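Below is one structure, written out as structure tokens; the observations come after it.
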Amino acid sequence: MSPIKITKDNAKAIFEQYNHILFDCDGVLWLGPDAIPNVQQAVSALEKQGKTFAFVSNNSSASRNTYHEKFKRLGYKGLQKSQYFPTCYSAATCIKEKLQIPIGSKVWVLGDHGIEQELEEAGYVPLGGTDPGLDTPFDPDHELLIVDKDVKAVVIGSTKSFNYMRIASTLQYLLADNKSIPFIGTNIDRTYPGPKGLVLPAGGSVVEYMAYTADRRFIDVGKPSQVLLDAIIDHCKFDRSKTLMVGDTLYTDIKFGNDGNLGGGAGSSLLVSI
């Protein structure tokens, strides 16, 4: 189906075709800490029309609890934690449900608090991550370079603390046991729109860096992964043919909706800032 440009005149008719809307967050609802003007009011208007929502972010740095607080701060009311699907949550869910790694197992993390928090909530023990020992200059005798044999998976995602100690320690786990420890990547996004017009490196740049360094493929648990979409549709009980994906990135958000045949193959909307 050919793309349709959404205008003020046809927006109502287009949205009437859908009962459920999946929203990307960064660049769609907000830029950095600040809400994009009028978006909250638009979402509220759609809610009054009976639309239901899920919020799907490839940002693994923030847990569902953190997202809940941010939505409240930006004026969104009545949302539930069960409506948020950041990739830190999908990574923890993949470890638990797809890989069936035993509860209580250790998981090495290259990423921020969001991954650690979701792993802990799922019953796992995160190692690495925000450990202050990884903020130090590289030392070949550092204890964190010694592989913990009890680690059963590696999760890599967004972080603003990407340094040589984290690269080197994570690489040990990706190479350990003949590269057999499962490697979960939270997303493939190269960049994301930041505040003040900045374009910033996203989690995919970290994931792909480590995949290249270790010469390994990874389990992608972010958009456009259909494993993630199927989980959302099932969890939220959405009718796939009546679901619309709204995002700002062609190769993740729009591919996510198109590959999943949302809206009968027409359920993706690309937002472009001008």
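Note that the structure is predicted; figures quoted are calculated from it, not measured.
In plain terms, the two heavy atoms of P86 and A62 that are nearest each other are CB-O, 3.6 Å. Taking each heavy atom of S61 and T159 in turn, the nearest pair found is OG-N, 4.4 Å. Between A176 and V147, the shortest heavy-atom distance links the atoms CB-CG1, 4.2 Å. Closest approach of I103 and G123 over heavy atoms only: CG2-O, 3.4 Å. Taking every heavy atom of both residues into account, N58 and S158 meet most closely at O-OG, 4.4 Å. The heavy-atom pair separating D177 from S180 by the smallest distance is O-OG, 2.7 Å.
A distance-only check finds no donor-acceptor pair linking the side chain of S205 to the backbone of P201 [under 3.5 Å]. Between the side chain of S90 and the backbone N or O of T87 there is at least one donor-acceptor pair closer than 3.5 Å. Between the side chain of D234 and the backbone N or O of D230, no donor-acceptor pair lies under 3.5 Å. In this structure, D189 contributes its side chain and A202 its backbone to no donor-acceptor pair below 3.5 Å. The main-chain N or O of G75 is found under 3.5 Å from a side-chain atom of Q40 such that the two form a donor-acceptor pair.
Pairs engaging residues 227-249 under the ring pair (Phe, Tyr, Trp, His ring centres under 6.0 Å) rule: H20-F238, F85-H235 [sequence neighbours left out]. Pairs engaging residues 114-128 under the side chain to side chain donor-acceptor pair (under 3.5 Å) rule: S63-Q117, R64-E118, R64-E121, K81-E121, H113-E116, E116-T130 [sequence neighbours left out]. Residue pairs meeting the ring pair (Phe, Tyr, Trp, His ring centres under 6.0 Å) criterion with at least one member in residues 185-215, sequence neighbours excluded: F162-Y209.
Note on ring orientation: taking the six-membered ring where Trp is involved, the planes of Y173 and W108 are parallel (angle under 30°, cut-offs 30° and 60°). Aromatic ring orientation, F71 versus W30: perpendicular (interplanar angle above 60°, classes split at 30° and 60°).
Taking 4.5 Å as the limit, every side-chain heavy atom of D26 sits out of range of all side-chain heavy atoms of L31. Residues V39 and F23 form no side-chain contact, since every pair of their non-hydrogen atoms from C-beta on lies 4.5 Å or further apart. Residues L262 and Y18 have side chains not in contact (no heavy-atom distance under 4.5 Å, counting atoms from C-beta outward).
Note that CG of D131 and OG of S161 are 11.5 Å apart. Values are rounded to the nearest 0.5 Å. Considering OG1 of T243 and CG of N261, their distance stands at 11.0 Å, rounded to 0.5 Å. Taking CG of L250 as the start and CZ of F256 as the end, the distance is 15.0 Å to the nearest 0.5 Å. Atom OG of S60 sits about 4.0 Å away from atom CD1 of I115, to the nearest 0.5 Å. Expressed to the nearest 0.5 Å, how far CD1 of I95 lies from CG of L119 amounts to 5.0 Å. Here the CG atom belonging to D220 is positioned 10.5 Å from the CD atom belonging to Q226, to the nearest 0.5 angstrom.
For the side chain to side chain donor-acceptor pair (under 3.5 Å) test, residues two or more places apart in sequence or in another chain that qualify with D24 are K223. The ring-ring contact (aromatic ring centres under 6.0 Å, His included) search around Y89 returns none, not counting sequence neighbours.
Under a cut-off of 6.0 angstrom, the local environment of CD in E143 is sparse, with at most 12 non-hydrogen atoms contributed by other residues, nucleotides or ligands. For K51, the NZ atom is densely surrounded, since the number of other residues' heavy atoms within 6.0 Å is greater than 12. Other residues, nucleotides and ligands place more than 12 heavy atoms under 6.0 Å from the NZ atom of K70. At most 12 non-hydrogen atoms from other residues, nucleotides or ligands lie less than 6.0 angstrom from CZ of R190. R217 CZ: 12 or fewer foreign heavy atoms inside a 6.0 Å radius.
Here Y67 and F55 keep their ring centres 6.0 angstrom or further from each other.
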Distance-only donor-acceptor hits, side chain of residues 133-142, under 3.5 Å, sequence neighbours excluded:
residue : atom : partner : partner atom : Å
D135    : OD1  : R166    : NH1          : 2.9
D135    : OD1  : R166    : NH2          : 3.0
T136    : OG1  : G133    : O            : 2.9
D139    : OD1  : D141    : N            : 2.9
H142    : ND1  : L144    : N            : 3.0
H142    : NE2  : G133    : O            : 3.1

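With respect to the salt-bridge test (charged N to carboxylate O, under 4.0 angstrom), the residues D112 and K160 do not qualify.
In this structure, a donor-acceptor pair under 3.5 Å is present between the side chains of D239 and S241.
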